[in-house]
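Below, chains carry the letters A, B, ... as their sequence lines are ordered, and counting in each starts from 1.
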There are 2 protein chains.
Amino acid sequence: MLDDSTPSRDEPGAHGDRHPARPATLKEIGALAGVSIATVSKALNGRADVSRATRQRVQEAADRLKFTPNSLAQGLLAGRTGTVGLLTNDLEGRFSIPVLMGAEDAFGAGSVSVFLCDARGDAIREQHHIRALLSRRVDGLIVVGDTTNPRVPLAGSIPVPVVYAYAPSSDPRDMSAVNDNVSAGRMAAEHLVACGRTRIAYLSGDPAFTAAGERVAGARAALREHGLDLVGGEALYGEWSEIWGRAGARSLLARHPEVDGIVCGSDQVARGVLDALRELGRHVPNDISVIGHDNWELLVTQSRPQLTTVDSNLQELGRTAARLLGEAIDGRTASGTHTVACRLVVRGSTLGAV
Amino acid sequence: MLDDSTPSRDEPGAHGDRHPARPATLKEIGALAGVSIATVSKALNGRADVSRATRQRVQEAADRLKFTPNSLAQGLLAGRTGTVGLLTNDLEGRFSIPVLMGAEDAFGAGSVSVFLCDARGDAIREQHHIRALLSRRVDGLIVVGDTTNPRVPLAGSIPVPVVYAYAPSSDPRDMSAVNDNVSAGRMAAEHLVACGRTRIAYLSGDPAFTAAGERVAGARAALREHGLDLVGGEALYGEWSEIWGRAGARSLLARHPEVDGIVCGSDQVARGVLDALRELGRHVPNDISVIGHDNWELLVTQSRPQLTTVDSNLQELGRTAARLLGEAIDGRTASGTHTVACRLVVRGSTLGAV
DNA sequence: CTGAAAGCGCTTACAG
DNA sequence: CTGAAAGCGCTTACAG
């Protein structure tokens with residue numbers, strides 16, 4: 001019988017001996033329950049061949065000692081650690097955290113833990129992190145880009161599966177999980193057309209980003225299907241900023257005052273456009289409908305009016321990356337680029353347009 | 001002699017056999033170099049008592065096999081894993097990532113790896129993550145709050161040191177690393193006074209946040225030292241949003257048109273204030289100087305003019321948290337609340353004020 | 001200077 | 001149903 005009145009070895013006063021004994025081991029549980037460590041292991045792992053009575057006795061002893069199995073030892077035996085590395089360059093955490101969350105979901109909370117490493121755009125630091133992660137025997141790696149541009153694959157031969165998220169690997173044989181920016185652009189233009197807009201212009205971002213051109217291409221394709229083309233014949237490129245959005249909108253409206261819809265390459269650009277239109281006395285959405293990309297909370301909910309946008313579903317992207325990685329770890333490799341759809345989020349900047 | 005012309009067992013074609021043999025072990029290196037694993041271990045770990053010749057032979061063999069030591073095995077022996085858990089509720093990653101970066105710096109990249117877990121404000125999920133982390137035998141835990149409000153300490157007796165970052169633990173005996181919001185508020189007001197402002201108002205954020213009141217208290221203290229008080233006698237509270245910033249500014253200016261400086265509880269509020277002032281025809285900084293808090297890149301660089309603000313030094317906060325945790329892990333516990341200073345960042349919204 | 005042995009905490013055949 | 005033994009990959013006294 002376990003004597004519950006005896007204070008357990010692991011229950012110090014709340015703030016007295018704060019880090020008491022090292023964690024309990026199978027051996028100690030075995031001693032307390034009067035069985036061998038092999039039996040403790042089986043009992044705790046729910047193996048069939050343990051008597052009910054023994055199993056219960058072991059369980060009680062384990063609870064008494066606040067037993068937590070040592071994953072290191074388990075990992076050493078199993079040849080698998082249940083850990084993955086998430087490598088990012090994302091200084092602001094805008095992409096990494098949603099991707100991390102999606103990955104946690106997909107892996108099933110608890111069964112897999114994620115090492116997050118920020119390389120800060122530094123190749124040396126990236127190498128350090130990779131070495132450390134491999135030394136910790138992660139089962140796989142997710143590399144999150146800070147832009148949608150393809151990136152060079154990790155250097156050297158990595159002995160575990162790697163999935164590139166957001167930014168694909170430039171090697172098509174690698175596994176990548178990315179947004180479908182073409183259909184995102186299509187989605188944006190379709191929505192403006194559905195709002196009854198026919199004189200639609202495009203204010204894009206930095207042309208050095210593949211996402212910029214892809215979104216424009218999608219939008220133009222959609223317009224063509226409706227017998228339309230972009231006002232001015234071309235998208236205007238600048239940078240991913242409100243400043244550019246404001247300047248671009250002024251310039252656009254000066255040349256093409258007839259515009260009744262503007263697709264913006266990002267929410268930042270769109271936010272600038274909204275401010276400029278307000279100052280030009282153009283009403284959104286009555287005179288002009290505006291739509292952005294990204295669904296960046298801070299920008300879209302605080303603008304006047306709130307901004308309709310195309311969400312990148314980053315969390316879903318993370319889930320997809322994690323799923324791919326999981327399959328590869330299990331030997332069912334699905335190489336190549338996997339696409340995650342975006343999602344229209346309608347708000348005041350297009351809603352109620354006449 | 002090692003024969004370099006023989007392809008090593010670990011060099012598959014770039015995309016052929018992608019995940020070749022499991023990683024090399026000391027045993028394999030020993031076999032290749034013709035020594036025992038004990039000697040391999042000593043040679044690779046730079047122990048003194050190994051002959052130069054042997055050490056070199058071992059090193060060559062290790063390089064040949066692309067040896068990476070198994071941290072799990074090392075951790076099992078050492079009773080230390082060189083890992084810490086970072087527990088956050090920060091959906092946007094705005095705080096977690098800078099804190100993570102600071103922690104990586106303080107720990108020294110490579111020597112410590114960080115598990116990042118997002119509890120998403122869910123106590124159950126937090127428990128799951130803690131169990132998983134303890135199972136992985138992290139050496140310590142950093143708990144990052146998503147607000148500056150004190151939080152309840154982790155439930156149960158955690159067998160490793162815990163440092164609370166950004167949000168302190170409500171138990172003063174715990175280790176916490178937080179901003180000094182009082183002196184941040186003081187800093188903001190001092191700066192406006194230094195700019196020659198004398199009719200200074202305060203537009204705060206959500207009064208439910210301790211940071212709101214602390215910043216106000218600091219600002220008032222600074223003003224009093226200059227024989228000033230807040231215009232209107234009190235700070236105006238609302239929420240942490242541009243919408244409130246716009247509304248608050250209008251209301252403030254209607255009642256106190258003489259205002260020549262506005263301290264804002266956050267950059268979001270300040271951004272709203274800037275927009276409202278512009279629409280009211282008040283020039284910033286000539287008529288009115290405006291200062292915010294947080295130095296949130298997206299907000300401060302895209303506003304008109306750019307926003308002077310008080311940076312929270314989150315990365316430094318992360319370094320401090322990591323340093324505290326490191327000391328606690330080494331047994332040199334420094335309990336209590338440790339404060340990280342903020343930093344004034346001057347931009348156009350106060351610069352050049354007449 | 002080198003190596004055999006014990007052991008970190010666990011799991012898994014294999015006997016009993 | 002239970003346990004002794006081997007072993008995952010490594011480090012560390014301890015002999016030689």
Side-chain angles (χ1 to χ4, degrees), chain A residues 10 21-59 61-62 65-83 132 134-139 159-160, chain B residues 10 21-59 61-62 65-83 132 134-139 159-160:
Chain A
D10 236 357
R22 13 139 227 66
T25 66
L26 293 195
K27 195 157 129 197
E28 293 167 319
I29 296 174
L32 192 54
V35 294
S36 74
I37 65 164
T39 299
V40 173
S41 173
K42 287 172 206 157
L44 257 26
N45 288 315
R47 296 315 202 68
D49 44 1
V50 179
S51 76
R52 264 181 59 90
T54 303
R55 187 186 306 282
Q56 180 167 355
R57 212 144 30 88
V58 168
Q59 190 60 59
L65 300 180
K66 293 198 200 312
F67 175 70
T68 313
N70 186 328
S71 295
L72 299 183
Q74 294 176 321
L76 198 54
L77 262 316
R80 259 209 202 188
T81 57
T83 61
L134 293 180
S135 174
R136 299 196 186 284
R137 296 296 187 264
V138 293
D139 296 329
V160 295
Chain B
D10 237 358
R22 12 140 228 65
T25 66
L26 293 195
K27 195 158 129 196
E28 294 167 318
I29 297 174
L32 192 54
V35 295
S36 73
I37 65 163
T39 299
V40 173
S41 173
K42 288 172 204 156
L44 257 26
N45 289 315
R47 297 313 203 68
D49 44 0
V50 178
S51 76
R52 264 182 58 92
T54 303
R55 186 186 306 282
Q56 181 167 356
R57 213 144 29 89
V58 169
Q59 190 60 60
L65 300 181
K66 294 197 199 312
F67 176 70
T68 314
N70 186 327
S71 296
L72 299 184
Q74 294 177 321
L76 199 54
L77 263 316
R80 258 209 203 189
T81 57
T83 60
L134 293 180
S135 174
R136 300 195 185 285
R137 297 297 187 263
V138 293
D139 297 329
V160 296

Could you check how far [atom1] of [X] sits from [atom2] of [N], rounded to whole Å?
X       : N       : atom1 : atom2 : result
R57(B)  : dC1(C)  : CZ    : P     : 14 Å
L26(B)  : dC8(D)  : CG    : P     : 12 Å
I29(A)  : dT2(D)  : CD1   : C1'   : 17 Å
L77(A)  : dT11(C) : CG    : P     : 7 Å
R22(A)  : dG7(C)  : CZ    : C1'   : 14 Å
R136(A) : dG9(D)  : CZ    : C1'   : 15 Å
E28(A)  : dC8(C)  : CD    : P     : 11 Å
R137(A) : dG9(D)  : CZ    : C1'   : 9 Å

Please tell me if [X] has a side-chain N or O lying less than 4.0 Å from either OP1 or OP2 of [N].
X      : N       : result
Q74(B) : dG9(D)  : no
N70(B) : dC8(D)  : no
T25(B) : dG9(D)  : no
S36(B) : dG3(C)  : yes
T54(A) : dT2(D)  : yes
R47(A) : dT12(C) : yes
S51(B) : dC1(C)  : no

Check whether any side-chain heavy atom of [X] lies under 4.5 Å from a side-chain heavy atom of [Y], and answer yes or no.
X       : Y      : value
R137(B) : S71(A) : no
N70(B)  : P23(B) : no
L44(A)  : L26(A) : yes

- Inter-nucleotide P distance (dT2(D), dG9(C)), Å rounded: 24 Å
- dC10(C) to dC1(D) separation - P atoms, rounded to the nearest Å: 24 Å
- Message: Nearest heavy atom decides the nucleotide; on that basis, is D49(A) or L76(A) closer to the 5' end of DNA chain C?
- Response: L76(A)
- Note on the structure: Ranking N45(A) and I37(B) by the position along DNA chain C of their nearest nucleotide, the one closer to 5' is I37(B)
Is there a donor-acceptor contact under 3.5 Å from the side chain of [X] to the main chain of [Y]?
X      : Y       : answer
R57(B) : L32(B)  : no
R80(A) : V138(A) : no
R55(A) : R47(A)  : yes

- Look through every strand shown and name the nucleotide pairing with dG3(D) as Watson-Crick or G-U wobble, where both distances are under 3.5 Å. dC14(C)
- May I ask you to verify whether the side chain of K42(B) and the base of dG3(C) hold a donor-acceptor pair under 3.5 Å? yes
